[in-house]
2 protein chains.
Amino acid sequence: MARNKAFDEIEVLDKAVELFWTKGYNTTSANDLVDGLGLSRSSLYDTYGDKRSLFIKALKRYKHEFADAVITMFQETENVKETISTVLQLIIDQDCHAVNPKGCFIVNTATELSGTDPEIATIIDSNRQDFENAIENALKLGQQKGQISSKQDAKALARYFINTFFGLRVSIKANNNPKILKDIMTVSLSILD
Amino acid sequence: MARNKAFDEIEVLDKAVELFWTKGYNTTSANDLVDGLGLSRSSLYDTYGDKRSLFIKALKRYKHEFADAVITMFQETENVKETISTVLQLIIDQDCHAVNPKGCFIVNTATELSGTDPEIATIIDSNRQDFENAIENALKLGQQKGQISSKQDAKALARYFINTFFGLRVSIKANNNPKILKDIMTVSLSILD
DNA sequence: TTAATTAAGGAACGATTGTTCCAATAAATG
DNA sequence: CATTTATTGGAACAATCGTTCCTTAATTAA
């Protein structure tokens with residue numbers, strides 16, 4: 001009866017993630033989207049609704065694609081400290097040689113929009129909560145196994161490490177000198193000794 | 001010979017700090033500035049130049065008004081751990097009951113602009129460096145006095161604490177629940193024991 | 001073929017962006 | 001007084017913003 005969609009909605013959404021991740025919400029214009037997604041203005045608005053709707057779809061896509069992968073690492077880990085170390089190193093490697101560090105799409109969005117857009121703030125916070133739960137459970141297991149010290153409360157430690165991740169995303173934008181980042185990583189991890 | 005300025009340039013600049021601090025650079029429009037500063041459009045451009053110039057003046061003003069005060073605290077401290085604790089508590093108190101946490105003007109600017117504006121990136125980084133030096137020296141003194149452990153390198157520790165400050169600014173925007181923030185503070189400080 | 005749907009291109013919308021400029025008024029000094 | 005500067009308000013600028021809509025072409029299925 002009718003023509004099929006010529007483009008892969010998910011594929012285009014990934015391009016939107018890339019654009020919003022790099023430039024943020026306000027600085028990414030409708031024209032930037034038309035150019036970057038390779039869609040006509042009409043198809044864009046027909047398929048994804050307005051700019052904000054597309055942004056929220058992109059943000060959720062990022063969460064499922066990137067953030068959830070890290071959460072899974074904590075859910076399946078055999079060694080929490082090792083996993084935390086791996087995640088810190090991933091964050092550093094992603095941006096430490098970049099001219100314009102992208103940081104984390106969710107952290108960027110938290111600073112840009114969570115103060116003014118309650119729906120987006122909810123997404124941000126639920127992500128934070130998911131991380132807290134996953135890391136707390138992983139830490140508890142590690143403490144039971146005697147892999148890490150039991151001096152500190154697991155929940156408090158989880159919150160501490162999330163704060164470390166957040167901080168690293170900002171530190172990288174302030175100065176992505178690998179030596180500085182390595183220092184932060186080493187000291188932050190030593191809390192588990 | 002001629003009329004005097006009717007408004008205090010510094011006073012107006014402080015209002016600009018407030019506006020840019022709260023809303024960021026891109027979201028603060030020229031009209032917002034006219035309304036918020038209580039100046040006519042013409043006086044505004046006559047006195048401060050264009051929007052970006054005004055923003056940079058406001059950013060530098062913030063640094064000298066707020067950031068430098070904290071740096072001085074570290075330069076004059078008798079007890080580093082106490083001072084770090086005080087600063088962490090100040091950051092928390094500023095925003096933990098706010099509906100829209102403002103965070104730190106410099107951190108906000110780092111995430112919004114340091115990737116795209118080299119001149120602003122320089123201001124951000126020099127501020128970071130000033131903090132690093134002040135905290136490192138304070139930590140070294142504390143180690144010499146035996147007030148804190150000497151296990152860790154002072155410079156690495158300083159970088160770690162700056163990262164903690166940065167993280168806290170983001171954490172507060174993600175969820176400013178005082179319990180979460182207190183956990184972060186307690187665990188972060190325990191590195192000195 | 002016909003009908004239905006998708007896509008592209010582009011014109012057009014009103015609103016807002018940052019910025020400039022001009023005319024009028026207010027205050028200070030000579 | 002006259003002159004100089006400060007300040008205001010508002011008009012106007014071109015550019016861009018997000019968004020809508022219309023026309024035309026392409027593709028699919030009945």
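Each chain gets a letter, A, B and so on, in the order its sequence line appears, and its residues count up from 1. Just so it is clear, the values below take in all heavy atoms, side chains as well, and ignore hydrogens, waters and symmetry mates.
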* To do: Mind calculating the distance between CG (L44(A)) and P (dC21(D)) to the nearest angstrom?
  => 16 Å

* To do: Name the nucleic acid region contacted by S29(B), choosing base, sugar-phosphate or nothing; use a 4.0 angstrom heavy-atom cut-off, strictly under.
  => sugar-phosphate

* Structure fact -> Rounded to whole Å, the CG-P distance (D46(A) to dC22(D)) equals 13 Å

* Rounded to whole angstrom units, what separation is found between the CG atom of N26(A) and the P atom of dG18(D)? -> 9 Å

* To do: Would you kindly compare L39(B) and D50(A) by the position of their nearest DNA chain D nucleotide and give the one closer to the 5′ end?
  => L39(B)

* Determine whether the side chains of N175(B) and D125(A) contain a donor N or O and an acceptor N or O closer than 3.5 Å. => yes

* side-chain N/O N31(B) vs dT17(C) OP1/OP2, d < 4.0 Å -> yes

* Write down the distance between OH (Y25(B)) and P (dT17(C)), rounded to a whole number of angstrom. => 13 Å

* Rounded to the Å, how far apart are Y45(B) OH and dT17(C) P? -> 11 Å

* Would you please confirm or rule out a distance under 4.0 Å between OP1 or OP2 of dT7(D) and any side-chain N or O of S43(B)? => no

* In whole angstrom, give the distance that lies between atom CZ of R41(B) and atom P of dT16(C). => 13 Å

* Asked: Which is true for T28(A) with a 4.0 Å heavy-atom rule: it touches a base, it touches only sugar-phosphate, or it touches nothing?
  -> sugar-phosphate

* **K15(A) with E11(A): basic N within carboxylate O range, under 4.0 Å** => no

* Is a donor-acceptor contact shorter than 3.5 angstrom present between the side chain of S42(B) and the base of dG9(D)? -> yes

* To do: Figure out the CG/P separation between L33(A) and dC17(D), and round it to whole Å.
  => 10 Å

* To do: Starting from the C-alpha separation in whole Å, work towards a yes-or-no answer on salt bridge (charged side-chain N to carboxylate O under 4.0 Å, His left out) for K81(A) and D193(A).
  => CA-CA 10 Å; K81(A) 186 173 181 181; D193(A) 298 339; 2.5 Å; yes

* Asked: For K51(B) and dT16(D), what is the distance between atoms NZ and C1' respectively, to the nearest whole Å?
  -> 13 Å

* Asked: Considering only heavy atoms from C-beta outward, does the side chain of F105(B) approach that of K63(B) to under 4.5 Å?
  -> no

* Asked: So which of K102(B), R169(B), K173(B) actually passes side chain to side chain donor-acceptor pair (under 3.5 Å) with N108(B)?
  -> K173(B)

